[in-house]
Amino acid sequence: MALTAIKGFNDILPVEAGRWQHIEQAARRVFELNGFSEIRVPIMEKTELFCRSIGDTTDIVEKEMYSFTDKGENSVTLRPEGTAGVMRALIEHKLYALDPVARLFYLGPMFRYERPQKGRYRQFHQIGAEITGVHDPLVDAQLLNMLVQFFREIGLDEPQLQVNSLGCPECRPAYRKVLVCFLEQRLEALCEDCRRRMATNPLRALDCKVPGCIEATVGAPSMLDNLCQGCADHFAGVRRYLDATATPYSVNTRMVRGLDYYTRTTFEMVTGLLGSQSAVAAGGRYDGLIAQLGGPAIPGIGFAMGVERVALLLADQDFSDHPELFIATMGASERLFAFRLMHELLQTGVRTEMDYEGKSLKSQMRRADKLGARYSVVIGENEVASGRAVFKRMANGEQIDALLTVAEIRGFVCRSGNDLPA
RNA sequence: GUGGCCAUGGUGAAGCGGUUAACACUUACGACUGUGACUCGUACAUACGAGGGUUCGAUCCCCUCUGGCCACCCCA
């Protein structure tokens, strides 16, 4: 293979693209229904933006960023996630002044230098949504409901919603101390990674997959029991709103997020079908982020979902499109007639195909079948002369005698199930 | 960054020291000279990821490289 794509960078081939469009269209529909507007931000930002938002000591910043120095000696980075850029844009354009409640969604490629794996690639795609300016837990619940609605819309009920609260700068440090104290008493039982995590991010020990660690942390103190009054009330509010809409969810007190900016509510849509990449969508509140980036002290909450992962869950479904009509021709002399008919049908939105290369009738019919055309028609001398033809419904062989006019053809093509433009 | 597994045509794959490199799908054409699907026929890998080595001989054994997959770390 002489020239191939870069490791971890994938082509979305036509067979996949239909699936992707289905996902993107569903997201647009559901998000816009919920009052969100699209925002498009650059895929590259100053490196500093990500260091300051995601956190200097996170894995993403420490080892996964595509960073380089451009010709003007600036350190720039291909975005590893979407929230930072969107918040930068919000602040830069003072969108919060336009409307104190900003509801934004975005979609596009993200880049992380990791070893590729099932559902994980170096260039991957996220669809995300953010709400800024509202503290009330009502918006947490609306955002979650929107996410659940999205999955229902694309026909997936499998990913389950899990929620948790990570507390705030008030209560998290205290909880951290309590947890470290608990873990220190069981140091021997913990794996090497967890011992290392004690210093950096002890909460991760709760998320460890090593059996010994799972056992050792069974009775570990929970963040939820150590929330300050404000955070506890907020989390209770989120649950109350979710319950009010009968939204199915479970509380996972061991859920940990990888980005530093999360506060209070965090959540994931989890599936068991993608190996170790169980999170199909995830997010949380980031009440301190906007101020941290130099903006006003307004709160925010958002999520991102991995398009590749969603597409993987949909992999058994067919989203290909089929022509309504295939026009076969007997000989060269009928092709002009057929071409004009196809053109007229195309002008009115009827998906029509014909043979391009003067193949045999058998070949043309085979092609009509392969393309999944709903109807076929053979145009020969007689048809051209009489202006009538026998249309064949491919699914059952039914014959329909009809005039070779756009109006007549549209008459039965439209009646047979598809919605065509008027 | 670490570990395991794997690399044969457009695809899925058999072959495991000497073969015309099986079979299936796909594709093309035909059997039906104005009709697809089913069936049948014909065609389609100077070639087994790349480079070395062992051998009379290597797709099959060894080494290196490259690539892929999966898992860990971490994450959408």
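Within every chain, numbering begins at 1; the chains are lettered A, B, ... in the order of the sequence lines, protein sequences first and strands thereafter. A quick note: this is a predicted structure, and the numbers were derived from the prediction, not measured. Hydrogens, waters and symmetry mates play no part in the numbers below; they use all other heavy atoms, side chains included.
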Note to self: Just to be sure I understand the rule, does A:G128 reach a base, reach only the sugar-phosphate, or reach nothing, if contact means heavy atoms closer than 4.0 Å?
What the structure shows: nothing

Please classify the nucleic acid contact of A:G283 as base, sugar-phosphate, or nothing, using heavy-atom distances under 4.0 Å. nothing

* Short side-chain N/O contact to B:C29 OP1/OP2 from A:S363, under 4.0 Å -> yes

Closest to the side chain of A:P116, out of B:G36, B:U35, B:C69, is B:C69

Exercise. Are the side chains of A:Y375 and A:V413 in touch, meaning some heavy atoms are under 4.5 Å apart?
Worked result: yes

Original post:
Is any side-chain N or O of A:R257 closer than 4.0 Å to OP1 or OP2 of B:A76?
Top reply: yes

| message | Under 3.5 Å, is there a donor on one side chain and an acceptor on the other for A:Y286 and A:Q292? | response | no

CD (A:E381) with more than 12 external heavy atoms under 6.0 Å:
no

Exercise. Could you check whether A:E383 gets within reach of a base, just the sugar-phosphate, or nothing at all, counting any heavy atom under 4.0 Å?
Key: base

Discussion item. If I pick the P atom on B:C62 and the same atom on B:G17, what distance separates them, to the nearest angstrom?
Written reply: 13 Å

Contacts of A:E268 and A:K63 projected onto RNA chain B by closest heavy atom; the upstream (5') one is A:K63

* Asked: So, is A:K7 near the phosphate of B:G68, with a side-chain N or O under 4.0 Å from OP1 or OP2?
  -> yes

Practice problem: Have a look at A:E64 and say if it touches a base, only the backbone sugar-phosphate, or nothing, with a 4.0 Å heavy-atom cut-off. | Solution: sugar-phosphate

As its Watson-Crick or G-U partner within any shown strand, both distances under 3.5 Å, B:C61 has B:G53

If pairing means Watson-Crick or G-U wobble with both distances under 3.5 Å, then the partner of B:C69 is B:G4

Closest to the side chain of A:E114, out of B:G34, B:C74, B:G36, is B:C74

Considering only heavy side-chain atoms of A:V378, the closest of B:A71, B:C74, B:U35 is B:U35

Nearest-angstrom distance, P atom, B:A47 to B:G41 = 29 Å

Salt bridge (charged side-chain N to carboxylate O under 4.0 Å, His left out) with A:E324: of A:R410, A:R393, A:R351, A:R374, only one passes, and it is A:R374

* Asked: Hey, is the side chain of A:R115 pairing donor to acceptor with the base of B:G68 inside 3.5 Å?
  -> no

Nearest-nucleotide check on RNA chain B, A:S360 vs A:D369; residue mapping nearer the 5' end is A:S360

Paired to B:C74 by Watson-Crick or G-U wobble criteria (both distances under 3.5 Å) is none

_Rounding to an integer number of angstrom, what distance separates B:U8 and B:A50 when you compare their P atoms?_
10 Å

**OP:** Considering just the side-chain nitrogens and oxygens of A:R120, establish if one lies under 4.0 Å of OP1 or OP2 belonging to B:C74.
**Re:** no

- Message: I'd like the C1' distance from B:A43 over to B:U64, given in whole Å.
- Response: 40 Å

Have a look at A:A328 and say if it touches a base, only the backbone sugar-phosphate, or nothing, with a 4.0 Å heavy-atom cut-off.
nothing

Mate of B:A31 across any strand shown (Watson-Crick or G-U wobble, both atom pairs under 3.5 Å) is B:U39

| said: So, does A:Q117 get its side chain near the phosphate of B:A71, meaning an N or O under 4.0 Å from OP1 or OP2? | reply: yes

Is the ring centre of A:F105 less than 6.0 Å from the ring centre of A:F31?
yes

Practice problem: Assign A:A368 to base, sugar-phosphate, or nothing according to its heavy-atom contacts below 4.0 angstrom with the strands shown. | Solution: nothing

Say you pick atom C1' in B:U27 and the same atom in B:G12; how far apart are they, in whole Å?
-> 15 Å

Using Watson-Crick geometry (N1-N3 plus N6-O4 or O6-N4) or G-U wobble (N1-O2, O6-N3), each under 3.5 Å, B:G12 is paired with B:C23

Just to be sure I understand the rule, does A:Y113 reach a base, reach only the sugar-phosphate, or reach nothing, if contact means heavy atoms closer than 4.0 Å?
nothing

From the candidates B:C29, B:A71, B:U35, the one with an atom nearest any side-chain atom of A:K118 is B:A71

Against the side chain of A:D59, the closest entry in B:G34, B:C29, B:C74 is B:C74

Rounded to whole Å, the NE2-P distance (A:H322 to B:A37) equals 18 Å

Would you state whether a donor and an acceptor, one from the side chain of A:E381 and one from the base of B:G34, lie under 3.5 Å apart? no

#### Entry: Non-hydrogen side-chain atoms of A:I379 and A:M354 separated by less than 4.5 Å
no

Provide the distance between the two C1' atoms, one in B:U66 and one in B:G10, to the nearest whole Å.
-> 23 Å

* Residue-phosphate contact under 4.0 Å: A:K370 side-chain N/O, B:A37 OP1/OP2 -> no

(Q) Give me the distance, rounded to whole Å, that separates B:C48 from B:A58 when you measure between the C1' atoms they each carry. (A) 11 Å

When rounded to the nearest Å, what value does the distance between P atoms of B:A28 and B:A7 take? 31 Å

Applying the 3.5 Å cut-off to both distances, the Watson-Crick or G-U partner of B:C48 turns out to be none

Taken to the nearest whole Å, CG/A:D355 to P/B:G34 is 15 Å

Q) When all nucleic acid strands are considered with a 4.0 Å heavy-atom cut-off, which category describes A:L259: base, sugar-phosphate, or nothing? A) sugar-phosphate

- Query: Is any side-chain N or O of A:K362 under 3.5 Å from a base N or O of B:G30, one able to act as donor and the other as acceptor?
  - Reply: no

Subject >> Atom CD of A:Q317 with >12 non-hydrogen neighbours under 6.0 angstrom >> reply: yes

Go through A:W20 and A:V307 one step at a time and tell me if the side chain to side chain contact (heavy atoms under 4.5 Å, CB included) criterion holds. CA-CA 7 Å; A:W20 279 58; A:V307 180; 3.6 Å; yes

Taken to the nearest whole Å, CG/A:D11 to C1'/B:G10 is 16 Å

